[in-house]
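Note on naming: letters A, B, ... go to the chains in the order of the sequence lines (proteins, then strands), and numbering restarts at 1 for each one.
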Protein chains: 2
Amino acid sequence: MATLNRPGAPEGHACGIDTAMEVIGGKWKVLILWALHEYPHRRFGELRRLVPGITEKVLASHLREMEADGIVRRVSYEEVPPRVEYSLTEDGQRLNTALEPLAAWGRERA
Amino acid sequence: MATLNRPGAPEGHACGIDTAMEVIGGKWKVLILWALHEYPHRRFGELRRLVPGITEKVLASHLREMEADGIVRRVSYEEVPPRVEYSLTEDGQRLNTALEPLAAWGRERA
DNA sequence: CTGTATCCTTGGGGATACTG
DNA sequence: CAGTATCCCCAAGGATACAG
């Protein structure tokens, strides 16, 4: 993404906020993150119920992207019927922690 | 926006992250926030230069929304040629502070 | 149960020109 | 200088059906 144009700045250490925004940019990603934090190791169907309104297609693609970004881990148990569990990676946990002040700011709004 | 479906939760205190995401949801908003934090009291044209790539239309509409959300203050000096200065409100400053851990998380990514 | 495959819609954002 | 006014576009999401 774009970065700031910082006249007279050291140049070489971006603000980093843009990087984070790309990762959590999807419409439901922070909600998924939050859900996985409060209810660890959820299955696909459980997540769908935890995040009301999301469609299967979008949940699936969001999970894929979050997995690719290294914040979500997907574990598939080869059973019938199929069982898949999603959880946060270490980086995902840290991201969630980093999100907490922002959540607090949101809560303080009337 | 949507909120989490939290079975067996106290119900009545949402996670708050969704609220914050709505406020910083625009494509360039965090960058504007950051710019206004590092270079307080900027004029329209200066902001345009600080956030390279943004168009006048989008900068204007983003600023309007951020003003409506109470995180940016717009002061117009009735002069010719016109002069307008944008700055962060108290709430905007607190939002920026709340964004810092997220920025740090982004910076730590390789 | 855990997803694809299709098709369709929308609005956020881009380009450009113009105005007080 | 500080913005509107238009027009346009496309990718992110939604709806629904189907599959292993």
Notebook entry, point to check: Taking CG from B:Leu63 and C1' from C:dG13, how many angstroms apart are they, rounded to a whole number?
Noted result: 15 Å
N/O to N/O distances under 3.5 Å, protein versus nucleotides 18-20 of chain C:
none

Item checked: Any B:Tyr86 side-chain N or O less than 4.0 Å from OP1/OP2 of D:dG3 -> yes
Check: Nearest-Å distance, CG (A:Leu59) to C1' (C:dC1)?
Finding: 13 Å
Check: Given atom CD1 of B:Ile54 and atom P of D:dG3, what is their separation to the nearest angstrom?
Finding: 13 Å
Check: For DNA chain C, which residues in residues 40-48 of chain B have a heavy atom at a distance below 4.0 Å?
Finding: none
Note to self: So, using salt bridge (Lys or Arg N to Asp or Glu O under 4.0 Å) as the criterion, who are the partners of B:Arg94 when residues are at least two apart?
What the structure shows: A:Glu108, B:Asp91
Next item on the list: Could you tell me which residues satisfy side-chain hydrogen bond (donor to acceptor under 3.5 Å, both in side chains) with B:Glu100, sequence neighbours excluded, listed by chain and number?
Entry: B:Arg107
Notebook entry, point to check: For C:dT2, does OP1 or OP2 lie under 4.0 Å from any side-chain N or O of A:Arg49?
Noted result: no
Checklist line | Partners meeting salt bridge (Lys or Arg N to Asp or Glu O under 4.0 Å) with A:Glu79 (sequence neighbours left out) | finding: A:Arg83
Notebook entry, point to check: Atom CZ of A:Arg74 to atom P of C:dC1: distance rounded to whole Å?
Noted result: 16 Å
Item checked: salt bridge (Lys or Arg N to Asp or Glu O under 4.0 Å) against A:Glu65, all qualifying residues, sequence neighbours excluded -> A:Lys29
Check: Considering residues at least two apart in sequence or located in another chain, which fulfil the side-chain hydrogen bond (donor to acceptor under 3.5 Å, both in side chains) criterion with A:Arg48?
Finding: A:Glu56
Notebook entry, point to check: Can you list the residues that meet the side-chain contact (heavy atoms from CB on, under 4.5 Å) rule with A:Ser87, with sequence neighbours excluded?
Noted result: A:His41, A:Arg73
Notebook entry, point to check: With no hydrogens and no angle check, is any side-chain donor or acceptor of B:Asn96 less than 3.5 Å from a backbone partner on B:Leu33?
Noted result: yes
Next item on the list: Check every strand shown and say whether A:Tyr77 touches a base, only sugar-phosphate, or nothing at a heavy-atom separation below 4.0 Å.
Entry: nothing
Notebook entry, point to check: Atom CH2 in A:Trp28, atom CG in B:Asp18: separation rounded to 0.5 Å?
Noted result: 10.5 Å
Please tabulate the protein-to-nucleotide N/O contacts below 3.5 Å involving nucleotides 6-13 of chain D, giving atom names and distances.
residue, atom, partner, partner atom, Å
D:dG13, OP1, A:Lys27, N, 2.7
D:dG13, OP2, A:His62, NE2, 3.3

Notebook entry, point to check: In chain order, what residues pass the salt bridge (Lys or Arg N to Asp or Glu O under 4.0 Å) check against B:Arg42, with sequence neighbours excluded?
Noted result: B:Glu46
Margin query: Checking one residue: B:Tyr77. Which other hydrophobic residues are in its cluster under the side-chain 4.5 Å linking rule?
Written below: B:Val75
Checklist line | Contacts of B:Ala98 that satisfy side-chain contact (heavy atoms from CB on, under 4.5 Å) - sequence neighbours left out | finding: A:Pro101, A:Leu102, A:Trp105
Check: The side chain of B:Pro81 lies closest to which of these nucleotides: C:dG3, D:dC1, D:dA2?
Finding: D:dC1
